[in-house]
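Just so it is clear, the model here is predicted, and its values are computed rather than measured. Whatever order the structure lists them in is the order used to number ligands and atoms, beginning at 1.
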Amino acid sequence: MRKAKTASHSGYPQKETGSAPYGDSQLAAGGELHQIAGGAHSALTTNQGVALSDNQNTLRANPRGPALLEDFILREKITHFDHERIPERIVHARATGAHGFFELTASLKQYTTARILTELGDKTPVFTRISTVAGGAGSVDTPRDVRGFAVKFYTKEGNWDLVGINVPVFFIQDAIKFPDLIHAIKMEPDRGFPQSATAHDTFWDFISLSPESMHMVMWIMSDRTLPRSLRMIEGFGVHSFRLINDAGKSTFVKFHWRPKLGLQSTIWDETVKISGADQDFHRRDMFEAIAAGHFPEWEFSVQLFTQEEADKFPFDHLDATKLIPEELVPLKVIGRMVLDRWPNNFFAETEQVAFCPSHVVPGIDFSNDPLLQGRLFSYLDTQLSRLGSHNFHQIPVNAPKCPFANQQRDGHMQMAQPVGRVAYEPNSLSADSPRETPAKGFHSAAVPEVGDKGRIRAASFADHYSQARQFYLSQTTYEQAHIASALVFELSKVDHMHVRQAIVGHLRHIDESLARRVAAGLGFGKLPAAPITAAPVQEMKPSPALQIIGRMKDTLMGRAIGILIADGSDGAAVKTLENAARDAGATVKIVAPKVAGVTLADGSLLGADGQLAGTPSVLFDAVAVILSDEGAKALSMEAAAIDFVRDAFGHLKAIAVDKGGRALLKLANVGQDAGIVDSGDARAFVAAAKTRQWEREKSVRTLA
Ligand code: HDE
């Protein structure tokens, strides 16, 4: 039997015993413990280190009698179990996390003293947590939702948390609106649904009354909220921050993450089906990629600008509903992040990690963005209630990796054992106790503040439509159709007619033709009136950088190919395609009616990676169908096989077919186009698989 290595709770070495694990309580019936020979395990103990003689039976007054209160072993075990959960995050509860490193490739010495942004070549450890926003911890990975993109840098000068999302803007301008936004977006309180979806009345009601959300609405109705993989999303710090150099001069900065694999999204119908086929689609993808050594990687860039430059922008950069087009302030690439280690334990790390935008290091500072200012309070507060103690920084995933010392003491779950009689500063009794570091310590940017106190929204925050319009007009026609269709889908789920109308009214300020498309999709007789705007809509130059299609990479790296086979398939054809796809960087999975595999035409056996019924084509980026004539006939009677090819076609994927595969396509009523390639032409298949067949879409669904 394999020798199990069991970690002791106390850290003390555990005495190994010969007892073995067993799950069958029948074995121990009558109070007798049956030892299974051959094992050498550490002793199973209570949390006090007392070895257990029996982990299967409660202490009873007699074999069929009542349980006894004195059973401290049962009570300790059950009590611990009862408290296993901590409150899940109010938002961003569902997530995937991983360890990795950040490496600086260009120094920002001129702008900041922060060593992480100035010391070239250093590898700073990071923990990154990518989340959905609205659903609970057990919700699916693939709703239409923004993704949180939170990075904890364990720098030499303390922890820096960059807590961003996968779009560059946000719904609201002021933190005081956040609880209302989240209450509107989450499941409706009287019915407890929908879980993790914006397609319901309360969300759109709130949005219809918050014109400042219109830019964000364009982003969330785009395919950005339907990522193909968490490895294929961008990340944004969203707010403007400040960098401060050694002369005390500050420069504004926006932070950007760009995925090495390029951007890629799924199609709405595909997303819905993925949610059914694999609720953990994104988490599994990340886990498998890291396990296979295909480490997810992002480029780190900054946009740097001065107050004088900001004063000339046709928008206010302190307003989180605005982005700075990269045509206006170009991105400067300064580093990369690689995630190369899956956590040892999901709860200890991904669940207990506590991000706070207020965690910055010397040389980085905040801007006056009113949303950011609210966040600086909220996250510390939330950690106190979620993790239950102000000592949450001592949990390993949260602890800085540089030395840290102060005179804060005691409280729940204090793990440290401070020594000595001095717990205050200044003091003259302890020469080696921690002291202030005036030169290197954290300094805030010395910026003057003038003006009248009051609950006032700056006039420069009044333009709610110009960048929404710019975003929409920057998209390809395919992406515009997806946005229009998403709006029709979502508003069709809204019962209140006045809410539907109000949203279409707002759309008229973004683009009249978009409003018309959505109105037609909802079956409106006439266009509703547009609301009065607080500021005129400005015409801004389209920014192609805002597209997804334009930012896809011509690669199969990180993509997955599924090859559907059955008894009698041509093994050589399968191998050729498999090799070509693997050479291009894809992972390949064989799908067959039975997971044990098939008997190929030459009589040899080929095992499958997935059973057809549980491995639909939505799990792949492109598929191949290699079948004998009999195989095609047999599969034409299988709904899962028909769905496999129909969905691949409907989701605009490349399909490689041999004669049998072509026969199945015909029986499934699947059409012909440039994306259906002969399986003999592996090169053509690889080329077609690198993209989606966008032109096909109009032949498979009616878009708004
Ligand atoms: Fe958050 N947000 N947020 N948020 N947020 C939280 O903190 C909050 C905002 C973001 O993986 C909570 O630890 C307020 C913008 C991410 O653990 C909470 C406001 C952006 C994560 C909280 C905002 C974000 C959170 C819940 C308006 C993008 C997950 C649990 C002022 C730039 C971090 C927690 C992780 C989490 C509050 C707005 C991103 C409740 C009050 C804007 C990625 O404190």
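Nearest-residue assignment for atom 17 (O) of ligand 1 (options E88, Q373, R89, E351; heavy-atom criterion): R89. By heavy-atom distance, the residue among V91, L376, L181 lying nearest atom 26 (C) of ligand 1 is V91.
Between F471 and W219, a ring centre-to-centre spacing shorter than 6.0 Å is recorded. Ring centroids of F241 and F252 are separated by 6.0 Å or more, keeping the two rings apart. Less than 6.0 angstrom separates the ring centroid of W160 from the ring centroid of F255. Between F313 and F305, a ring centre-to-centre spacing shorter than 6.0 Å is recorded.
Here the heavy atom of the protein found nearest to atom 8 (C) of ligand 1 is F178 CE2, 3.2 Å.
Heavy-atom distances between K177 and ligand 1 stay at or above 4.0 Å for every pair. By the 4.0 Å heavy-atom criterion, G164 is counted among the residues contacting ligand 1.
Between R115 and E157, no side-chain nitrogen of the basic residue sits less than 4.0 Å from a carboxylate oxygen of the acidic one, so the salt-bridge criterion is not met. A salt bridge is defined here as a Lys NZ or Arg NE, NH1 or NH2 lying under 4.0 Å from an Asp or Glu carboxylate O, and D141 with R283 fails to meet this definition. A salt bridge does not link E326 to K541: none of the charged nitrogens lies less than 4.0 Å from a carboxylate oxygen.
Considering backbone and side-chain N/O of S378, one or more are found under 3.5 Å from N/O of ligand 1. Of the polar atoms of H239, none of the N or O atoms is found under 3.5 Å from an N or O of ligand 1, judged by distance alone.
Under 4.0 angstrom from ligand 1, the non-hydrogen atoms of Y379 come from both its backbone and its side chain. Only side-chain heavy atoms of T382 come within less than 4.0 Å of ligand 1; its backbone N, CA, C and O stay farther off.
Using a 4.0 Å cut-off to heavy atoms of Q383, the atoms of ligand 1 that qualify are 13 (O), 34 (C).
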